[in-house]
Amino acid sequence: MTQAQDDRPPTLLFAGLLVLTLARLVISGANELTEDEAYYFMWSQRLDWSYYSKGPGVATALWLTTSLFGANEFGVRFLAPMLALASSLLVWRMARSMFDARVASWTVLLLNLTPIFNAGSLVMTIDPLSIFFWLAAMFCIWRALHRSAQVGAYWPLAGLMMGLGFLCKYTNAIQIVSLFLLLLASRHWRPLLRKPGPYVLLGVFALCTAPVLLWNAGNDWITFTHLKERGSLDSGGFTINPAEWFEFLGGHFFAYSPFLFAGLAWAVICGARQIGRGDGVAFLSAFALPIIVLYFGLSLKNAGELNWTAPGFVSAAALLPYFWRRASLGSRWRSILQKLALATAALLTLFFVWNTDLVR
């Protein structure tokens, strides 16, 4: 088999993603809008440089799709299934280049069985956009790391993807921390700190933040007040409340399904121990750890939203099949745990997307 053929997703996997995307498009037009979707749809009818709690990304996206498909549920949600498809293909391509096609295919399968990812593929909020641009920035950075002798197109393109993600969800800026954690931790990639590439990325990202900063400058920097409130940092100092942390942790077992979340957490811990290596394991770990540690740390005071950590666990998705293949388990136990994890995730996913109106 030639390299070009080997780089293509397996036919069955690609066909399954296509069918799944069509099903998501059908389902997405059959439900009423959620409160968040209706709120963002109102933004799209009043385009601005930024808004109280978010940048202009989601409003612009909804303005585009509703202009094309009408001001209805399908028009609002059209991008959600398409972004899930694009994110799946990006994940496959990255995992394939880091490991092999088998790990890449399992990564895509696990991702599309995860309840919270499926929910995001049917509801058009900031999260489908944030996840797609997060993965697109990772893909560009991964490519740029292997062209270290020159700036090329990938460093500025990574900055653009990171910046567009920031305009959809401010969380995407945490990728800057991930990038410099990776460069500092890895002896292999540390020399890039003396190259222009990472700083070109920062420059392009900074340009993308201009709409948010200019809007806030004229509106008493209200977004910063909102962010402090969302992180429960606006009053009372930082107090530790273990009950809130356990509530946040328990919610993840439901949002990701119990066995998949346990596996993802195990894979992140395994990857963290190898973050100094200059390979795919180190790369994925660096883009998972900062956001997961940040929000689990903040949850010691007040449990946050379960989707806040999603970019970190999506970043680590390929680590689970990679480490699972190396786990010292007998074939019988391996098979039992795999089937149990997949079946539980599938059942919870059906619960997430169940629509009694369609049944009636």
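None of these values were measured; they are calculated from a predicted model. The residues of the chain are indexed from 1 along the displayed sequence.
Enclosure of atom CZ in Arg102 is not indicated, since only 12 or fewer non-hydrogen atoms of other residues, nucleotides or ligands lie within 6.0 angstrom. Remark: Trp266 CH2 is packed, more than 12 non-hydrogen atoms of other residues, nucleotides or ligands lying under 6.0 Å away. Other residues, nucleotides and ligands place no more than 12 heavy atoms under 6.0 Å from the CZ atom of Phe246. Heavy-atom neighbours of Trp63 CH2 from other residues, nucleotides or ligands within 6.0 Å: at or below the threshold of 12.
Between the Thr107 side chain and the Leu111 main chain, no donor and acceptor come within less than 3.5 Å of each other. Looking only at distances, a side-chain donor or acceptor of Glu244 sits under 3.5 Å from a matching main-chain atom of Ala303. Checking side-chain atoms of Thr223 against main-chain N and O of Tyr52 turns up a donor-acceptor pair under 3.5 Å. With hydrogens and angles ignored, the 3.5 Å screen pairs no side-chain donor or acceptor of Arg96 with any backbone N or O of Ala104. For the pair Asn307 (side chain) and Ile116 (backbone), a donor-acceptor distance under 3.5 Å is absent. Here the side chain of Asp100 pairs a donor or acceptor atom with the backbone of Val103 at under 3.5 angstrom. At distances below 3.5 Å, not a single donor-acceptor pair connects side-chain atoms of Tyr256 with backbone N or O atoms of Leu264. A donor-acceptor pair is defined here as one N or O able to donate and one able to accept, closer than 3.5 Å; such a pair exists between the side chain of Thr66 and the backbone of Leu62. In this structure, Asn241 contributes its side chain and Ala243 its backbone to a donor-acceptor pair below 3.5 Å. Judged purely by atom type and a 3.5 angstrom limit, Thr209 uses its side chain to pair as donor or acceptor with the backbone of Ala206.
The nearest pair of heavy atoms linking Gly312 to Ile292 is C-CD1, 4.0 Å. Contact record, Ala286 with Leu182: CB-CB, 3.7 Å, taken as the closest heavy-atom pair. The minimum heavy-atom distance between Gly278 and Ser186, with the atom names listed, is CA-OG, 3.4 Å. The two residues Leu348 and Pro258 come nearest to each other via the heavy atoms CD1-CD, 3.7 Å. Looking at every heavy atom in both residues, Phe41 comes nearest to Ala71 through CZ-CB, 3.7 Å. Shortest non-hydrogen contact noted between Met162 and Ala137 is N-CB, 4.0 Å.
Ring pair Phe139/Tyr154 is perpendicular by interplanar angle, where above 60° counts as perpendicular and below 30° as parallel. The aromatic rings of Tyr199 and Phe180 are tilted relative to each other, their planes meeting at an angle between 30° and 60°.
If you take OG on Ser28 and CE on Met82, they are separated by 10.5 Å, rounding to the nearest 0.5 Å. To the nearest 0.5 angstrom, Ser88 atom OG is 11.5 Å from Phe132 atom CZ. Residue Arg93 holds its CZ atom at 14.5 Å from CG of Leu135, rounded to the nearest 0.5 Å. Separating the CD atom in Gln175 from the CZ atom in Phe133 is a distance of 11.5 Å, to the nearest 0.5 Å. With values rounded to the nearest 0.5 angstrom, Leu13 atom CG is found 10.5 Å from Leu20 atom CG. Between Asn172 atom CG and Ser130 atom OG the span is 3.5 Å, to the nearest 0.5 Å.
Side-chain contact between Ser44 and Thr60 is absent, with no heavy-atom pair separated by less than 4.5 Å. In this structure, the side chains of Ile141 and Met161 stay at 4.5 Å or more apart for every pair of heavy atoms. Within the 4.5 Å cutoff, the side chain of Trp155 has no heavy atoms near those of the Lys195 side chain. At least one side-chain heavy atom of Val268 sits under 4.5 Å from a side-chain heavy atom of Leu289. The closest side-chain heavy-atom distance from Phe78 to Leu25 is below 4.5 Å. Counting heavy atoms from C-beta on, the side chains of Leu260 and Leu110 come closer than 4.5 Å. At a threshold of 4.5 Å between non-hydrogen side-chain atoms, the residues Phe283 and Leu145 count as touching. Taking the side chain as every heavy atom from C-beta outward, Trp245 and Lys301 never approach each other to under 4.5 Å.
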Check step by step if side chain to side chain contact (heavy atoms under 4.5 Å, CB included) holds for Leu160 and Cys208.
CA-CA 7 Å; Leu160 178 62; Cys208 292; 4.0 Å; yes
Under the ring pair (Phe, Tyr, Trp, His ring centres under 6.0 Å) rule, what do Phe261 and Phe254 come out as? Steps first, then yes or no, please.
CA-CA 8 Å; Phe261 178 69; Phe254 178 71; over 10 Å; no
Tell me, with the steps shown, if Ser285 and Leu319 meet side chain to side chain contact (heavy atoms under 4.5 Å, CB included).
CA-CA 8 Å; Ser285 301; Leu319 291 177; 3.8 Å; yes
Test side chain to side chain contact (heavy atoms under 4.5 Å, CB included) applied to Tyr51 and Val58, step by step:
CA-CA 10 Å; Tyr51 300 89; Val58 66; over 6 Å; no
What verdict does the side chain to side chain contact (heavy atoms under 4.5 Å, CB included) test give for Leu294 and Trp308, after you've listed the backbone C-alpha separation in whole Å, the side-chain angles of each residue and the deciding distance to 0.1 Å?
CA-CA 10 Å; Leu294 171 65; Trp308 290 356; over 6 Å; no
Decide yes or no on ring pair (Phe, Tyr, Trp, His ring centres under 6.0 Å) for Phe296 and His252, but give the supporting numbers first.
CA-CA 11 Å; Phe296 268 94; His252 279 73; 5.0 Å; yes
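Partners of Thr125 under the side-chain contact (heavy atoms from CB on, under 4.5 Å) rule, at least two apart in sequence or in another chain, are Asp36, Glu37, Tyr40, Val123, Asp127, Pro128. Partners of Phe205 according to the ring-ring contact (aromatic ring centres under 6.0 Å, His included) rule, which considers only residues two or more places apart in sequence or in another chain, are Phe166.
Cluster membership for Phe253 and Phe259, using ILVMFWY side-chain heavy atoms within less than 4.5 angstrom, is not shared. The cluster map of Ile, Leu, Val, Met, Phe, Trp and Tyr, joined by side-chain heavy atoms under 4.5 Å apart, puts Val200 and Leu157 in the same cluster. Transitive grouping of hydrophobic side chains (ILVMFWY, heavy atoms separated by less than 4.5 Å) keeps Ile126 and Trp215 in distinct clusters. Hydrophobic clustering of Ile, Leu, Val, Met, Phe, Trp and Tyr side chains at less than 4.5 Å, counting indirect connections, unites Leu300 with Leu249. Under the 4.5 Å side-chain heavy-atom criterion for Ile, Leu, Val, Met, Phe, Trp and Tyr, Leu164 and Leu47 are members of the same hydrophobic cluster.
Aromatic ring centres of Trp221 and Phe224 lie closer together than 6.0 Å.
At a cut-off of 3.5 Å, with distance as the only test, no side-chain donor of Ser50 or Asn216 sits close to an acceptor on the other residue. In the model, Asn31 has no side-chain atom that pairs as donor or acceptor with a side-chain atom of Arg77 under 3.5 Å. In this model, a donor atom of one side chain and an acceptor atom of the other lie less than 3.5 Å apart for Ser97 and Trp142.
A salt bridge links Arg277 with Asp279: the closest approach of a Lys/Arg side-chain nitrogen to an acidic carboxylate oxygen falls below 4.0 angstrom.
Each side-chain hydrogen bond (donor to acceptor under 3.5 Å, both in side chains) pair with one or both residues in residues 312-324, not counting sequence neighbours, appears once here: Trp134-Ser315.
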